[in-house]
Protein chains: 2
Amino acid sequence: MTQKGITLKDVAAAANVSRATAARALNSYGYVGDETALRVVEAAEKLGYRANLVAQALRSGQLPIVGFVPGDIQNPFFARIAHDIEVELRKHRHNLLIASSEENVEQEKELLESLRSLSIRGFILAPTSATDSEHIVQLVREGAPVVLIDRVVKELHCDSVVVDNEGGAGEAVDYLVANGHQRIGLLRDESRIFTAQERLAGYQNSLQSHGIALDESLISVSRSTVEHAVDATIRLFSRRNRPTALFTVDSLMTQGALLGLRSMGLSIPHDVSLVGFDDFNLATFTDPQITVVAQPISEIGPLAAKLLLERLAGKKIAPRHIRFPTRLIVRGSVARFSRR
Amino acid sequence: MTQKGITLKDVAAAANVSRATAARALNSYGYVGDETALRVVEAAEKLGYRANLVAQALRSGQLPIVGFVPGDIQNPFFARIAHDIEVELRKHRHNLLIASSEENVEQEKELLESLRSLSIRGFILAPTSATDSEHIVQLVREGAPVVLIDRVVKELHCDSVVVDNEGGAGEAVDYLVANGHQRIGLLRDESRIFTAQERLAGYQNSLQSHGIALDESLISVSRSTVEHAVDATIRLFSRRNRPTALFTVDSLMTQGALLGLRSMGLSIPHDVSLVGFDDFNLATFTDPQITVVAQPISEIGPLAAKLLLERLAGKKIAPRHIRFPTRLIVRGSVARFSRR
DNA sequence: GGCCACTGTGAGATCGATCTCACATCCGGA
DNA sequence: TCCGGATGTGAGATCGATCTCACAGTGGCC
């Protein structure tokens, strides 16, 4: 019903040769007479023969499929990366199977389990947890090619492509300090995630290097969704001695902050200065436009795909850990702070 | 290297039975002694046996994978749908393989070809072209389960899930007319795409029903990207007798219009009123917020997945064509027009 | 007592592509 | 003239799970 079912056998019969010879002719290996080869190729064409990849996979043990497990495919960051990976894989006749972990470790484990029994060739993975990673370690130990993106897992010997979260966050805070801010709020997500930890560290380091004491009450934690970030923002700015500036650790939280501040009647940058991590299309549509730390998002996917394809091709070298620099894009959401 | 390689044979050996019996015990069919079954299950567990899906697929002719071919995963509309489909499929132990056509018919053809040789079970497809569809017709004719979303192809006998584009566009234009607008511009993408045609028709019908003559010079065509839409907007509003209101056919074009109008110093809704098709998160971040025709996006993916799964389960009924209504969300981007 | 239905199990075939091995030819050089 | 290597081709095995068929017990019933 599903497959028309023109198999190699049919082609061989049509060309009056054995299956072995037909295979040789079509895949050009071994000895085949010119005339025979031609006959086979023509028969294949006439019948519309397409090799059954599943059968090939059974022999070779591998399907031409790569699994991508992002935190959330709806996040434009991952959607972009998925797209780029797919383009790269297509060049090598591989397909991309996307299974979103929804930032849930248990789901991540289940997904990897199920992808493994599919004989998938390799994995590109944004691990949900920086610590609960035994399942990934196991995967790598068994020899499955794995490339980590966006986030890294300690003690894991595989390629990774990440961004300089600490440096980027530091640069953002430096910029706020340079504009006279001292009470700088931080809106961040749960620390389980690797990037959150690094960005927090960047924030702390920057403050410290400027001799500004860390004030825990300026840090607000929430889940990484627009809705939760709105609440966290309101909480943060409802206290008496509120921050004069805010740094948000990802684009969803930046959006939440924007909405939260607006609902409180606080204007940017007059009342509050704002810098967000991760550029997003919305940032240039607001008034004022939002100053952000941009990630080189267009490079992450293609590079991750390339690293993985090299592994698939059998490259045996030490794991490579690529870390891209970030870039501060100054727009209009930061104002100089002067004691009022 | 990739698979540890515990096969049914190993389990059978460990349990001291034949492969056939082991299979019976694990899949519970046919006759197996209670004790034997227990022994097999225990052996399987101890060895950590997982059935090789590729081998199963070779026999059954089908992998537990569904292919999704959207116009572009980076489009939040499709990203959301992809996510919803995936969730639905996961409940039935199926995986989702995403291959973006990038709105290119040739690429769409190639992708479908390559997915077919993968023995994929079914397809959810947003066809790039309303007319060049022989390849899809062919697919359906061969019995492959196909569900079309967002767009429909004429003369194609398969399930589809779309939105009332014509009605939605009509409602948007009605609303503008009700606010006193007569010179209503249209920013639309290439007509090859089904939704574009329908939305254009809605625009035309609405004007006609209000006795407003169609003015071709008020219609601007561009590719559906923010950048192209910016240019098209500027072109449209540079002419002497410019529109007092604008209707944009998708969210990318709405964004382009926003940027284009801003760059020309035209303010919304003072100088130009705006209604867009398709709600998008940015719409509530702008000032004023944008009035849009919203699609019930959260229902499309799950329904498409359900229809497909029913087909996979063997349901043999006439193709179902679901068309969801749209909803006008009035925000602040439309002002009453009074002759100045 | 004998026959049949029901249970339980294993040998081998099957899915489709590919690979190994064996068997033919054919040719040139010794 | 004979031999070894280079060519060309096919039969059959293989990958792993599953299914068909055959076979062997066991029990019940006439």
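Please read all numbers here as calculations on a predicted model, not as lab measurements. Labels below follow one simple rule: chain letters A, B, ... track the order of the sequence lines, proteins then strands, and each chain is numbered from 1.
- Between the CZ atom of B:Arg59 and the C1' atom of C:dG16 there is a distance of 12 Å, rounded to whole Å.
- Rounded to whole Å, the distance from CG on A:Leu47 to C1' on C:dG16 is 15 Å.
- One N or O on the side chain of A:Ser133 and one on the backbone of A:Thr131 form a donor-acceptor pair closer than 3.5 Å.
- Atom CD of A:Glu134 sits in a crowded spot, with more than 12 heavy atoms from other residues, nucleotides or ligands closer than 6.0 Å.
- Per the geometry, CG belonging to B:Leu58 stands 11 Å off C1' belonging to D:dT18, to the nearest Å.
- Within the 4.5 Å cutoff, side-chain heavy atoms of B:Val32 are placed close to those of B:Thr21.
- Of the candidate nucleotides D:dT18, C:dT18, D:dG10, C:dT18 has the atom nearest to the side chain of A:Ala23.
- Listed pair A:Ser18 / D:dA11 fails the phosphate criterion, with no side-chain N or O lying under 4.0 Å from OP1 or OP2.
- B:His94 places a side-chain heavy atom less than 4.5 Å from the side chain of B:Leu312.
- Atoms CG (B:Leu118) and C1' (C:dC15) sit 16 Å apart, rounded to a whole Å.
- In this entry the distance linking CG of B:Asn52 with C1' of C:dC15 reads 13 Å, nearest Å.
- Looking at heavy atoms from C-beta onward, A:Leu26 lies in side-chain contact with A:Val40 at the 4.5 angstrom threshold.
- Between the side chain of B:Glu108 and the backbone N or O of B:Thr128 there is at least one donor-acceptor pair closer than 3.5 Å.
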Distance-only criterion, 3.5 Å: show the donor-acceptor pairs between side-chain atoms of residues 67-85 of chain A and protein atoms not counting sequence neighbours.
residue: A:Asp72; atom: OD1; partner: A:Gln74; partner atom: N; Å: 2.8
residue: A:Gln74; atom: NE2; partner: B:His83; partner atom: ND1; Å: 3.3
residue: A:Asn75; atom: OD1; partner: A:Phe77; partner atom: N; Å: 2.9
residue: A:Arg80; atom: NE; partner: A:Asp84; partner atom: OD1; Å: 3.4
residue: A:Arg80; atom: NE; partner: A:Asp84; partner atom: OD2; Å: 3.1
residue: A:His83; atom: ND1; partner: B:Gln74; partner atom: NE2; Å: 3.3
residue: A:His83; atom: NE2; partner: B:Glu102; partner atom: OE2; Å: 2.6

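- Classification of B:Glu86 and B:Arg90 as a salt-bridged pair holds, one side-chain N sitting under 4.0 Å from a carboxylate O.
- Between the C1' atom of D:dG16 and the CG atom of B:Leu26 lies a distance of 13 Å, rounded to the nearest Å.
- Atom P of nucleotide D:dA11 and atom CZ of A:Arg19 are separated by 9 Å, given to the nearest angstrom.
- Using a 4.0 Å heavy-atom cutoff across all strands shown, A:Ala51 reaches sugar-phosphate atoms only and no base atom.
- Distance check: A:Leu115 CG to A:Leu63 CG gives 11.0 Å after rounding to the nearest 0.5 Å.
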Close N or O pairs between protein and nucleotides 24-28 of chain C (under 3.5 Å):
none

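- Proximity of residues 29-44 of chain A to DNA chain C (heavy atom under 4.0 angstrom from any strand atom) is restricted to A:Tyr29.
- For the pair B:Ile149/B:Ile124, a side-chain contact is recorded, criterion being any heavy-atom separation below 4.5 Å from C-beta on.
- A:Tyr49 has a side-chain polar atom (N or O) that falls below the 4.0 Å cut-off from OP1 or OP2 of C:dA17.
- Rounded to whole Å, atom P of D:dG16 lies 17 Å from atom CG of B:Asn27.
- No contact: A:Val54 has no heavy atom under 4.0 Å from any strand.
- When each of C:dA17, D:dA11, D:dC21 is scored by its nearest atom to the side-chain atoms of B:Arg24, the top-ranked nucleotide is D:dC21.
- Using a 4.0 Å cut-off, some side-chain N or O of B:Gln56 falls inside it from OP1 or OP2 of D:dT18.
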